[in-house]
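I have placed the structure first, in the form of structure tokens, so that the comments after it can refer back to it.
Heavy-atom basis, side chains included; hydrogens, waters and symmetry copies ignored.
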Amino acid sequence: MARHLITSAIPYINGIKHLGNLVGSQLPADLFARYQRERGHEVLFLCATDEHGTPAELAAAKAGKPVAEYCTEMHEVQARIADGFGLSFDHFGRSSSPENHKLTQHFAKVLDEAGLIREVSETQMYSKADGRFLPDRYIEGTCPNCGFESARGDQCDNCTKQLDPVELINPRSTISGSTDLEMRETKHLYLRQSAMKDELEKWIDTREGWPVLTTSIAKKWLNDGDGLQDRGITRDLDWGIPVQRGDEPWPGMEGKVFYVWFDAPIEYIACAQEWVNAGKGDDWARWWRTDKGADDVSYTQFMGKDNVPFHTLSFPATILGSGEPWKLVDYIKSFNYLNYDGGQFSTSRGRGVFMDQALSILPADYWRWWLLSHAPETSDAEFTWENFQLNVNKDLADVLGNFVSRVTKFCRSKFGETVPEGGAWGPQEQAVIEELSRRVRSYEGHMDAIEVRKSAAELRAIWVAGNEYLQEAAPWATFKENPERAAAQIRFALNLIPLYATLSAPFIPFTAQKMLDAMGVAGQWPGDVAQALERMPAGHGFAVPDNLFAKISDDQREDWHSRFAGVRD
RNA sequence: GGGCCUGUAGCUCAAUUGGUUAGAGCAGAGCGCUCAUAACGCUUUGGUUGGGGGUUCGAGUCCCUCCGGGCCUACCA
């Protein structure tokens, strides 16, 4: 039995995520976690909310709430929605947890002791009206290069020139609009990633089979320009983890907090501690400490491409630099973006479908199936309502749902709601068993390799095999001259249902459970397909389930299309 | 500007890493079936693999060039 540690990139706290965020990390991570559990492996699947940073403070201010209260509420909201999507986290933690405070401060201390932290004095734009230092992107002004009036402090959106905030003409705060800005001196801690460049590169070079997307982004950062740059790991903010050396104060760093990208990945570890402290587990160290049993753990991270540098470089620099025996990631699965109907999903403009809205119009399995079978693995993918309607209706309602419906209803009308007795498997059934055996092995191979779309395609082919069998066996015709033969055929077909449910559960867990409940058996991964098709012997009672999937109508599609094109709220 | 990814049938994607005649699903067409959610099955029409050039016995795959789409570029996260 293998042990799988699985983490999904932790979603930021300032609002409800859209489907693009979902398919880029949490959903494929859940697919993998569910699959590995079903295969009988030990799994610890962790996710959390990422709660620190300027945007959280601003979102809380906008909501008129203290930031801690705002985060607590939003965490609950995200947890509830995640549950609605069937995301099977063993624990859904918070980067603001006491566990993460302590651990982040611990890492800062040991990194400092290892000589990997340096203090840097720098000047930064300060807004008196806002009472805070402003990140470059929160400053707007006229571009000195092209005259564009809404250039941001880091880059002009019009001419794409990289800017320094001090270069802007008439700079103003985008938070308050105030122009009362000044450059102030401030001191920050930097993680000396440059000192670890060779070690990191050596580590990356020995990773095998990682997605090109993952390694190419890492190599770029390692070798671009002057090589890997040191990174500031502190900020002048109120909300965050206070800068300390372990339990000790850090002279000169009073009133500052750690940068969210320093503490967010550490939450992966802290989350395991939260899991224990919540009473759900009793030993986090055997998942995270190679000196305490984590040596045989296989650790897989899931994330969108924008998160790759932090997971390939910054976090490993933290882990390796600590000199302590923490578990390093074994495989990084990264995703491109999902676009929405010819453009990008936009949180700020409310363009696209957000997780809460998605659940309000259709059950989670519709979304899970479409999103996973179109996961943006090799390039950006696109969501359109037409494509969604077509695929979901065909795959789920027609191929899978209708298969279950026709089999169970035929049996009910001819034999009753009990698996019929008589007859035996013949050459037709043997052929199906052989095909399914081959396909199940192929499906397992794709799932093991986290080839999401290929897995979905193989699963669909497995469903289709059931309809092909029925057409060829034609129990409705057989029944007229040889009811015993028909009984064997329908017994065979009925037994495909729990098999399909088990195989499909990682993709569509809610429906899979309905199928198993109706058939009155528990899910069990088919080691041997022939054996798996004996799960419901003659005489076994079952129920005819309601239709598993209602079809999406043209009217619904058009309604949703117009509803989600515009602005949210 | 630089780097990376990407372009294959009307649509969404494959193609064992240079190897026979580029394959699936959907959509379209035809036939069959009547158990089932007007569902299912079978057959079938669609391709100058973005354009051009090159290397090779052989190129969707490698090289050059042009065109289109996307991402990243380090203080949003």
How about [X] and [Y]: does a side-chain donor come under 3.5 Å of a side-chain acceptor?
X	Y	answer
A:Asp554	A:Gln389	yes
A:Ser96	A:Glu51	yes
A:Lys333	A:Thr214	no
A:Thr384	A:Asp341	no
A:Glu201	A:Asn223	yes
A:His311	A:Tyr268	yes

Pairwise 5' ranking along RNA chain B for A:Ala397 and A:His52, keeping only the more 5' one: A:Ala397

Which is more 5' along RNA chain B, the nucleotide nearest A:Asn467 or the one nearest A:Asn391? Just name the residue. A:Asn391

Using the [atom1] atom as the point on both nucleotides, what is the distance between [M] and [N], in whole Å?
N	M	atom1	answer
B:U61	B:U49	P	10 Å
B:C63	B:U55	C1'	7 Å
B:G7	B:G47	C1'	14 Å
B:A27	B:U12	P	15 Å
B:G51	B:U44	P	28 Å

What nucleic acid atoms does [X] come within less than 4.0 Å of, heavy atoms only: base, sugar-phosphate, or nothing?
X	answer
A:Pro55	sugar-phosphate
A:Leu134	nothing
A:Val308	nothing
A:Asn307	nothing
A:Glu472	nothing
A:Ile217	nothing
A:Lys409	sugar-phosphate
A:Glu122	base
A:Phe388	nothing
A:Tyr337	sugar-phosphate
A:Phe310	base

When you measure from the side chain of [X] to the backbone N and O of [Y], does any donor-acceptor pair fall under 3.5 Å?
X	Y	answer
A:Asp136	A:Arg152	no
A:Glu417	A:Val544	yes
A:Thr312	A:Val308	yes
A:Glu429	A:Gln489	no

Using a 90° cut-off around 0 for syn, call B:U21 syn or anti. anti

N-glycosidic conformation, B:G68 - syn within 90 degrees of 0, else anti: anti

Under 4.0 Å between a side-chain N or O of [X] and OP1 or OP2 of [N]?
X	N	answer
A:Tyr469	B:G41	no
A:Arg137	B:C76	yes
A:Lys220	B:A74	no
A:Arg460	B:C26	yes
A:Lys551	B:A38	no

Round to a whole Å and report the spacing from [atom1] of [X] to [atom2] of [N].
X	N	atom1	atom2	value
A:Trp369	B:C26	CH2	P	12 Å
A:Gln78	B:A77	CD	C1'	13 Å
A:Arg406	B:C35	CZ	P	10 Å
A:Asn547	B:U37	CG	P	6 Å
A:Gln556	B:U37	CD	C1'	14 Å
A:Arg412	B:C35	CZ	C1'	12 Å
A:Leu470	B:U34	CG	P	14 Å
A:Ile139	B:C75	CD1	C1'	9 Å

Which residue is it: A:Phe507, A:Phe403, A:Tyr443, A:Trp369? I am looking for the one with a ring pair (Phe, Tyr, Trp, His ring centres under 6.0 Å) to A:Trp463. A:Trp369

Could you identify the nucleotide paired to [N], looking across every strand shown and requiring Watson-Crick or G-U wobble geometry with both distances under 3.5 Å?
N	value
B:C75	none
B:C62	B:G54
B:C40	B:G32

Under the 3.5 Å rule, do the base of B:A36 and the side chain of A:Asn402 count as making a donor-acceptor pair? yes

In this structure, is the centre-to-centre distance between the rings of A:Phe133 and A:Tyr138 below 6.0 Å? no

According to the 5.5 Å centroid and 30° plane-angle thresholds, does A:Trp476 stack upon the nucleobase of B:C35? yes

Proximity to RNA chain B (any heavy atom under 4.0 Å), residues of residues 227-236 of chain A only: A:Gly227, A:Leu228, A:Gln229, A:Arg231, A:Arg235

Could you label the plane-to-plane angle of the A:His374 and A:Trp370 rings as parallel, tilted or perpendicular, counting under 30° as parallel and over 60° as perpendicular? parallel

Show each protein N/O and nucleotides 8-16 of chain B N/O combination with a separation under 3.5 Å, one pair to a line.
unit_1: B:C13; atom_1: O3'; unit_2: A:Arg453; atom_2: NH2; d: 3.0
unit_1: B:A14; atom_1: OP1; unit_2: A:Thr378; atom_2: OG1; d: 3.1
unit_1: B:A14; atom_1: OP1; unit_2: A:Arg453; atom_2: NH2; d: 2.1
unit_1: B:A15; atom_1: OP1; unit_2: A:Lys454; atom_2: NZ; d: 2.9

